[in-house]
Structure formats: C-alpha cells, structure tokens
Asker: 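If you scroll down you'll find the structure; I have some questions about it.
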Amino acid sequence: MNPVLRSIIALGLLGCASLAQAFGLDELSRQLGEPAVIKGAFVQEKHLRALPQPLVSKGEFVLARDHGLLWLLKTPLQQDYRLDAKGIARRDGNGWQLLPGKSAGAEQNRLFFAVLQGDSSGLQRDFELSLQGSAEHWQLQLTPRSLLLKQVFTRIEIAGGRYVEQIHLLETQGDSTVLRMPASTQAAALTDAERTDFAD
C-alpha cells in the first residue's frame, strides 16, 4: 500500500472510536464526535523488518468533519495532501492535483469516509471493534473483516483520552506504523487558508 495513503487512512481512523457502541452508553462517541475541527502535530514511525531503525516523518494535520483531511508533511520532505469526497490530492506548483484512483485505493478511500462521516454500518462491516478503558484513558482494537484489509493489516490499535493520541497499524508482513498525536486540539472553525485549501 502507498505509505502516504496508509498514513491518511490511519489519521482518518481518528474518528473511528466515535463509532464504538460498547463504551459507557456512547460516552466515547460523544467525546470524540463533538469537535468539528481537530488540529495537531504528528510523528509517524514506520518500522520495517529490513531496517534496524524506524523511518520517522513529522508534520501537521487538520481533520474537518464536514470537509475532509489536510495532511501536511514537513520532514523529511515537505508535501501537502488532501483527502475529501473527490479522492486524494497532492499540492504542487499548479495547485491541488487529484491522484489517480486504483481499485484498492478506492476501497480504502471508501473506508476512510465511512469513518469520517460516522457510517458505523460501513465500519463494522470492515472491522470487529473491541473497546476497553475509561473516558480518560481508553483503547480500541480494530480487527479486519474484509478480505482487502486482511491482506494489509492484522489489526489496528487506537488509544487516547480526550482526543486520539496514538494509532498503531500492524501489518500482515510484519511491518508496523505508529502514528503519535500527543497534543491535538479542537478548533472552533477552519482558518481562511484551510477553508481555501478544502475549496480549491
């Protein structure tokens, strides 16, 4: 799977815990589903079996419930991505360019929007959900149901408190990705620049 797409899917899963039905009478659903805009920095570690040290990338994200996701990679290279109803776009000197869709990518894009738009039936069709903990410290495990996702992931583990703090993707080939967002915050609205990015 394309590593950028994998990261975007991981970040899209920020909202998936809001779809869990078994935590304190939907307490977690209300807690994570309330913000219209979540922003923060991320650190991603890609652990490959063939390398002794993880590949580390850093950047910032803007997850807007009604618009999509801005994924702004800062290091080791600078590159902006946007995921919305049209698909995945990358910014270049001419503006946002939609990346060509493929069958696997289209399925993953559908999964992301099932998460982002609160389509619990879509999420539960693709994953078995197991939630434990409290509102202040919880863990959610997603075990793939669909054949496509089983080919990529053995499971996805998400942990957090007020907001999602870590997403751990364990892949079938033994590699793994850890995405940390220790200081995510809620924003009242998008900035003018962010609104333009989603509108272009």
Asker: If the threshold is 4.0 Å, N to carboxylate O, is there a salt bridge linking Lys46 and Glu171?
Answerer: yes
Asker: Measure the CG-NE2 distance between Asp197 and His67 for me, rounded to the nearest 0.5 Å.
Answerer: 12.0 Å
Asker: Just jot down the side-chain contact (heavy atoms from CB on, under 4.5 Å) partners of Lys58, sequence neighbours excluded, or say none.
Answerer: Val43, Val56, Thr75
Asker: Could you tell me which residues satisfy side-chain contact (heavy atoms from CB on, under 4.5 Å) with Asp66, sequence neighbours excluded, listed by chain and number?
Answerer: none
Asker: Should Pro144 and Asp126 count as side-chain neighbours, where that means a heavy-atom distance under 4.5 Å?
Answerer: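 The answer is no; the side chains never approach within 4.5 Å.
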Asker: Please name the pair of heavy atoms, one in Ala189 and one in Arg195, separated by the smallest distance, quoted to 0.1 Å.
Answerer: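 Looks like CB-NH2, 4.4 Å.
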Asker: What's the spacing between Ser184 OG and Glu60 CD if we round to 0.5 Å?
Answerer: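 The distance works out to 11.0 Å.
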Asker: Measuring only between side-chain heavy atoms, which start at C-beta, is Ile156 closer than 4.5 Å to Ile167?
Answerer: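 Answer yes - side chains close enough.
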Asker: Tell me which one of His168, Glu45, Glu165 satisfies side-chain contact (heavy atoms from CB on, under 4.5 Å) with Arg180.
Answerer: Glu45
Asker: Measuring only between side-chain heavy atoms, which start at C-beta, is Leu170 closer than 4.5 Å to Glu157?
Answerer: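 A side-chain contact under 4.5 Å exists here.
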Asker: Inspect the contact between Glu136 and Arg162 and indicate whether a charged nitrogen and a carboxylate oxygen are less than 4.0 angstrom apart.
Answerer: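 So Arg162 does not pair with Glu136 through a salt bridge.
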Asker: Should Arg82 and Leu72 be marked as a side chain to side chain contact (heavy atoms under 4.5 Å, CB included) after you check the CA-CA gap, both sets of side-chain angles, and the distance that decides it?
Answerer: CA-CA 8 Å; Arg82 180 185 67 198; Leu72 311 174; over 6 Å; no
Asker: Let me confirm one number: the OG1-CD distance from Thr177 to Gln44, rounded to the nearest 0.5 Å.
Answerer: 5.5 Å
Asker: Before you tell me yes or no, could you show the steps for Val62 and Leu69 under side chain to side chain contact (heavy atoms under 4.5 Å, CB included), namely the whole-Å CA-CA distance, both residues' side-chain angles and the distance that decides it to 0.1 Å?
Answerer: CA-CA 6 Å; Val62 179; Leu69 171 72; over 6 Å; no
Asker: Hey, what do you get for CG (Leu70) to CG (Asp80), rounding to the nearest 0.5 Å?
Answerer: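 So the gap between those two atoms works out to 8.0 Å.
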Asker: State the CG-CD1 distance between Leu83 and Ile88, to the nearest 0.5 angstrom.
Answerer: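 Interatomic distance, Leu83 CG to Ile88 CD1, rounded to 0.5 Å: 5.0 Å.
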Asker: About how many Å separate CZ of Arg49 and CG of Asp175, when rounded to the nearest 0.5 Å?
Answerer: 5.0 Å
Asker: For the residue pair Trp71 and Phe42, does the interplanar ring angle fall in the parallel (under 30°), tilted (30 to 60°) or perpendicular (over 60°) class?
Answerer: parallel
Asker: With ring-ring contact (aromatic ring centres under 6.0 Å, His included) as the rule and sequence neighbours excluded, what pairs involving residues 176-195 come up?
Answerer: none
Asker: Go through the steps to decide whether Leu149 and Phe127 satisfy the test side chain to side chain contact (heavy atoms under 4.5 Å, CB included), and finish with yes or no.
Answerer: CA-CA 9 Å; Leu149 291 169; Phe127 291 100; 3.8 Å; yes
Asker: Does any non-hydrogen side-chain atom of Gln166 lie less than 4.5 Å from one of Met181?
Answerer: no
